Amino acid sequence: MGMTMPNNANGLEALTRTTTDRTRCVNAENPQGGKGRAAMTASQLGPSRKGTPCLKNIDSGQDVVLADLSGAGEIRHIWMTVTDATSPTGPNVLRNLILECYWDGEQTPSVSVPLGDFFCCGHAQACRVESVPVAVYPRRGFNCFWPMPFHNGARIVLRNRHNEPIEAFFYQIDYVEKDELPEDVMTFHAQWRRQRVTELGQDYVILDGVHGRGSYVGTYLALTALESRWWGEGEVKVYLDGDKDYPTWCSTGSEDYFGGAWSFAGQDPDGRMHEATYSGAYMGFPFHSRQLDNRESQYWDADTPVTRGFYRWHIPDPIIFASDIKVTLQQIGVDEQGYFERQDDLASVAYWYQQEPHQPFPQKVLETGERDRRPR
């Protein structure tokens, strides 16, 4: 699942330029990000010897501020890791930890997403991801390289809505302080949605209610198939700047949108078809399973409906909007009789940049019950 980075990935030529930016980081060893204030606490090895590598014992229902930054700056990299189960009765950690980001003193979050889904690991399941803005490496090393600028402050919050305490949470937020940012610099947004059963004949809404100027830059989809046969004939549709009945932009099918073709078909040695997973710079299908981890039991069936995870980054090809945007996905399958309307379980993350202020998100992750986040 390796990948070759483009020669100009992430603007490598910028590394040759001098800058007045000031490098900083926030983690449990330097929670305020202070200059010359990292790695100060002591361990049994002595002073400044890995004394506080993580946050410990985050209670169920507790909110923890991971970073509270002032002034202008830009987050360049986020790394996090946590167990994916706290006990046999608490397997859904990656869906029950909620990551929220607030820019420039705003009261409603610009990012509100379950931790796993934000890093392209839906279904409360970790998988390997190798892409430009998101990378996940063994085991549950979650990395994000989306640039996240802020004009006069940033606050990142972790909300524990798991049924049990989190014994240890590790994280690092790498950022730069800046003297100022141009007024027209847009801020980063990410929004999670989920329908446990989609409506027959109605397109699933990935994003709506966005007003302002911006660029749509990515989609993550966690799909649980509730019907048999091929699921992926539905088109992704993007309504731009006043579109009503019909969109300006659409794909030709779900697997086409995520960069594959012909049902992602590979072939086993016995000649049976299987869906081939992959992970690339800008699009991928990194997760496919018929049984979720941490669900083993001697007393009930641990099999699940087929679960899949996909991502598509519009980095070389951002979808630009001047006033508004809506993104939807049709639920259309095909069987022996041709196309048919499907009903499946869909969860998604939309990623975009826009000028503030943004509209409050219509579906707040914190207001959904645990069942609404729980994987099948």
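Keep in mind it's a predicted model, so treat the numbers as computed, not measured. Sequential numbering from 1 along the given sequence is applied to the chain's residues.
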Hey, is the main chain of A350 close enough, under 3.5 Å, to the side chain of T219 for a donor-acceptor pair?
-> no
Kindly indicate, with the supporting measurements, whether the criterion side-chain hydrogen bond (donor to acceptor under 3.5 Å, both in side chains) is fulfilled by H189 and S110.
-> CA-CA 5 Å; H189 297 72; S110 288; 3.2 Å; yes
For the side chain of Q125 and the backbone of D293, is there at least one donor-acceptor N/O pair under 3.5 Å apart?
-> yes
When rounded to the nearest 0.5 angstrom, what distance separates OG in S263 from NE2 in H274?
-> 12.5 Å
Which of these passes side-chain contact (heavy atoms from CB on, under 4.5 Å) with V349: W192, F119, Y311?
-> W192
Distance col, row E167:CD vs I58:CD1, nearest 0.5 angstrom, shows 11.0 Å
N30 side chain vs N27 backbone, donor-acceptor pair below 3.5 Å = no
Search all heavy atoms of C250 against all heavy atoms of E235 and return the closest pair with its distance.
-> SG-OE1, 4.1 Å
For residues 196-208, which residue pairs qualify under side-chain hydrogen bond (donor to acceptor under 3.5 Å, both in side chains), counting only residues two or more places apart or in two chains?
-> D203-K237, Y204-S348
Quick one: ring-ring contact (aromatic ring centres under 6.0 Å, His included) pairs with a partner in residues 50-100, sequence neighbours left out?
-> H77-F145
Just distance, no hydrogens or angles: give the donor-acceptor pairs under 3.5 Å from side chains in residues 45-56, sequence neighbours left out.
residue	atom	partner	partner atom	Å
S48	OG	A39	O	2.4
T52	OG1	T41	OG1	2.7

Residue that, paired with Y171, satisfies side-chain contact (heavy atoms from CB on, under 4.5 Å) out of V64, V26, T81 | V26
Value rounded to 0.5 Å, distance of NE2 in H314 from CE in M283 = 8.0 Å
Which of these passes side-chain hydrogen bond (donor to acceptor under 3.5 Å, both in side chains) with N96: R161, E164, R374, R373?
-> R373
Flag, side chain of S279 to backbone of E130, donor-acceptor distance under 3.5 Å | yes
Measure the CD-OG distance between Q331 and S254 for me, rounded to the nearest 0.5 Å.
-> 7.0 Å
Distance in Å, F142 CZ paired with C121 SG, rounded so as to fall on 0.5 Å steps | 5.0 Å
Would you call R95-D84 a salt bridge at under 4.0 Å N-O?
-> no
Minimal non-hydrogen separation, Y137 against V129, with atom names = CE2-O, 4.1 Å
Do R342 and E227 meet the salt-bridge criterion of a basic N to acidic O distance under 4.0 Å?
-> no
Identify the residue among F310, Y282, F264, W313 that makes a ring pair (Phe, Tyr, Trp, His ring centres under 6.0 Å) with F258.
-> F310
Is the number of heavy atoms from other residues, nucleotides or ligands under 6.0 Å of F340 CZ greater than 12?
-> yes
Please report the shortest heavy-atom distance between A347 and R194, naming the atom on each side.
-> CB-CG, 3.4 Å
What pair of heavy atoms forms the shortest contact from Y220 to D117, and how long is it?
-> CD2-O, 3.7 Å
Does atom CZ of R376 have more than 12 heavy-atom neighbours, drawn from other residues, nucleotides or ligands, at distances under 6.0 Å?
-> yes
Take atom CD of Q32 as the centre, draw a 6.0 Å sphere, and report whether it contains more than 12 heavy atoms from other residues, nucleotides or ligands.
-> no
Thinking salt bridges, do R159 and E100 make one under a 4.0 Å N-O criterion?
-> yes
Do the charged groups of D21 and K178 touch, with an N to O distance under 4.0 Å?
-> yes
How are the rings of Y278 and F285 set to each other: parallel, tilted or perpendicular (split at 30° and 60°)?
-> perpendicular
